[in-house]
Participant: 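The structure that follows is given in the form of structure tokens.
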There are 2 protein chains.
Amino acid sequence: MSSLPSPALDGAAPAGGSAPSQAPAFSPLYQQIKGLILHSLQHGEWKPGEAIPSEMELAARFRVSQGTVRKAIDELAAENLLTRRQGKGTFVATHAERQVQYRFLKLLPDSGDARGEAPAQRTILECRRLRAAADVARALALRTGDAVIQVRRVLSFAGVPTILEDIWLPGHTFKGLSAEQMASHQGPTYAMFELDFGVRMVRAEEKLRAVLPDEQQAQWLAISTSTPVLSVERLAYTYNDAPMELRRGLYRTDTHHYHNALS
Amino acid sequence: MSSLPSPALDGAAPAGGSAPSQAPAFSPLYQQIKGLILHSLQHGEWKPGEAIPSEMELAARFRVSQGTVRKAIDELAAENLLTRRQGKGTFVATHAERQVQYRFLKLLPDSGDARGEAPAQRTILECRRLRAAADVARALALRTGDAVIQVRRVLSFAGVPTILEDIWLPGHTFKGLSAEQMASHQGPTYAMFELDFGVRMVRAEEKLRAVLPDEQQAQWLAISTSTPVLSVERLAYTYNDAPMELRRGLYRTDTHHYHNALS
DNA sequence: GAGTGGTCTAGACCACGCG
DNA sequence: GCGTGGTCTAGACCACTCA
């Protein structure tokens with residue numbers, strides 16, 4: 001309404017005086033609104049699974065039209081941070097939702113039903129607190145020697161060991177994470193992270209390679225050392241593009257395959 | 001305007017009489033407009049790289065408001081079928097664009113610049129016309145024995161052979177495709193397909209596995225048979241979800257990795 | 001300065017979920 | 001029947017491109 005498309009909300013005031021070396025960085029209103037909603041999301045004003053205020057309420061709060069907050073929410077929904085449900089409201093997305101469970105797991109059985117019923121049996125091999133090696137620290141934006149928690153586990157589908165992975169987490173954020181917790185929670189591990197540690201994984205990047213397992217790895221996966229496996233290194237991020245988890249996994253691809261949709 | 005949100009455009013008339021076993025399948029206006037634009041795209045009313053009519057023109061043509069065609073175009077742009085350029089117009093997307101070249105190629109060098117300058121050197125090993133085997137036919141929605149063109153090639157980066165792949169194409173659509181053509185065109189192969197055959201690849205699905213190369217494959221890739229490689233099977237689709245290309249590739253992952261962003 | 005896409009508004013009405 | 005998100009409109013103004 002009265003608020004101009006000026007940077008009143010994002011603080012990027014155009015310099016009046018000296019040489020404007022950079023572009024004025026025009027930022028549309030809905031982007032600023034998006035930033036405000038994101039801020040509330042980050043700071044836990046609404047928890048995963050909860051409804052956020054209605055579009056009308058937010059429009060009133062921010063003194064903009066419904067259409068503007070609508071566009072902001074549209075983008076956040078497209079990024080999987082929010083979930084819209086017609087007639088009910090807009091909700092903070094969560095990895096616990098039936099629909100998008102295991103959103104980051106792209107391994108599918110070769111034959112049969114999409115994401116076959118069996119929700120993976122977890123075997124925790126290790127869960128300990130240690131000091132971050134250089135590479136792990138760099139990935140997680142920590143300093144070498146900072147406390148991290150390492151979890152090693154095997155995921156089995158229909159009784160067949162299929163994934164062997166190491167998980168590294170910042171010790172500070174995940175203080176108190178136990179093997180018990182890793183083993184016995186219901187549903188996706190990322191859902192447990194949300195519930196028990198208030199950490200929501202928002203996006204991730206993976207690097208894939210074909211490798212041969214070593215003696216011990218082969219044993220855990222019940223294959224021979226001459227059976228190639230898929231090496232998957234994943235860096236998962238929370239809000240604000242902050243890295244929060246490093247995973248190094250070995251996937252058996254004799255019974256499963258990594259599925260990727262390109263568009 | 002005068003046109004109600006009735007199915008005047010998509011023909012899904014709600015049954016007046018007998019038991020409506022299915023939902024009336026309400027389809028918003030902008031979806032119908034999207035369908036009409038898609039139809040024009042499929043039938044080549046506007047060619048890859050060309051501008052489509054302005055939003056105002058389309059709004060007038062379809063007798064709807066600018067906002068409605070805008071939403072239709074928004075979705076088509078999100079699906080990479082159109083490209084918007086502020087101040088210039090909306091263009092039919094193409095694989096020849098500098099920006100999104102090699103959009104479907106997820107292999108990156110381990111160290112160094114994103115998509116390092118060298119645009120891959122192609123070596124065509126084979127290019128022949130043959131009858132489709134059962135699996136190839138099924139993938140391409142052909143009948144076993146139908147004509148297909150098979151191309152085998154090696155892609156090298158900085159002189160190092162990195163990808164060995166077989167490509168199968170429907171013989172009918174790609175009639176006359178030659179080894180010469182596969183070898184000497186500029187830019188992405190998919191851009192050549194657009195220019196020479198009017199076929200635009202819109203999306204694709206890949207299945208990844210870790211495998212060991214056989215004797216001959218290892219030779220082409222200049223590695224040993226005990227070096228695991230990434231097996232990538234890709235099915236690429238044109239408009240209308242029609243499968244148009246099957247690829248089976250072996251990627252070296254000792255110097256490169258397959259990169260995937262999850263969100 | 002004309003034309004294109006991009007933003008923002010205000011208001012009407014529709015489809016959906018739930019009490 | 002109410003509240004929520006979803007659609008559609010009409011019009012104003014802004015940012016960008018190009019001649």
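Residue numbers start from 1 in every chain, and the chains themselves are labelled A, B, ... in the order their sequence lines are given, proteins ahead of strands.
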Participant: How many Å lie between CG on A:Leu29 and P on D:dC13, as a whole number?
Facilitator: 17 Å
Participant: Taking only heavy atoms on the protein side, list every residue of residues 69-92 of chain A lying under 4.0 Å from any atom of DNA chain D, sorted numerically.
Facilitator: A:Arg70, A:Arg84, A:Arg85, A:Gln86, A:Gly87, A:Lys88, A:Gly89, A:Thr90
Participant: Got a salt bridge between B:Asp74 and B:Arg84, using NZ or NE/NH1/NH2 to carboxylate O under 4.0 Å?
Facilitator: yes
Participant: Determine, step by step, whether B:His39 and B:His43 satisfy the side-chain contact (heavy atoms from CB on, under 4.5 Å) criterion, reporting the C-alpha distance in whole Å, the side-chain angles of both residues, the deciding distance to 0.1 Å, and the verdict.
Facilitator: CA-CA 6 Å; B:His39 187 270; B:His43 291 71; 3.2 Å; yes
Participant: Between B:Lys34 and B:Glu79 (salt bridge meaning N to carboxylate O under 4.0 Å), is one present in this structure?
Facilitator: yes
Participant: Between B:Phe157 and B:His256, how do the two ring planes meet: parallel, tilted or perpendicular, split at 30° and 60°?
Facilitator: tilted
Participant: Rounded to the nearest Å, what distance is computed from the CD atom of residue A:Gln66 to the C1' atom of nucleotide D:dG5?
Facilitator: 8 Å
Participant: Looking at B:Arg153 and B:Glu165, is any side-chain nitrogen of the basic one under 4.0 Å from a carboxylate oxygen of the acidic one?
Facilitator: yes
Participant: side-chain contact (heavy atoms from CB on, under 4.5 Å) between A:Leu82 and A:Leu41: does it pass, once the steps are laid out?
Facilitator: CA-CA 9 Å; A:Leu82 295 176; A:Leu41 244 22; 4.1 Å; yes
Participant: Do any of residues 44-57 of chain B sit with a heavy atom less than 4.0 Å from DNA chain D, and if so which?
Facilitator: none
Participant: Identify whether the distance between the nearest side-chain nitrogen and carboxylate oxygen of B:Glu245 and B:Arg247 falls below 4.0 Å.
Facilitator: yes
Participant: Report the nucleotide, chosen from D:dC8, C:dA15, C:dC8, that has the shortest atom-to-atom distance to any side-chain atom of B:Phe26.
Facilitator: C:dA15
Participant: Using whole Å, report how far CG of B:Leu58 lies from C1' of C:dT4.
Facilitator: 12 Å
Participant: Taking CZ from A:Arg63 and C1' from C:dA10, how many angstroms apart are they, rounded to a whole number?
Facilitator: 17 Å
Participant: What do you reckon, are the aromatic ring centroids of A:His95 and A:Phe193 less than 6.0 Å apart?
Facilitator: no
Participant: Can the positive tip of A:Arg200 be found less than 6.0 Å from the middle of the six-membered ring of A:Tyr190, inside 45° of the ring normal?
Facilitator: no
Participant: Report yes if a side-chain nitrogen or oxygen of B:Thr68 is closer than 4.0 Å to either non-bridging phosphate oxygen (OP1 or OP2) of D:dT9; otherwise report no.
Facilitator: yes
Participant: From C:dT7, C:dA10, D:dT9, pick the nucleotide closest to the side chain of B:Val64?
Facilitator: D:dT9
Participant: Send over the distance from B:Gln32 CD to D:dC8 C1', rounded to a whole Å.
Facilitator: 12 Å
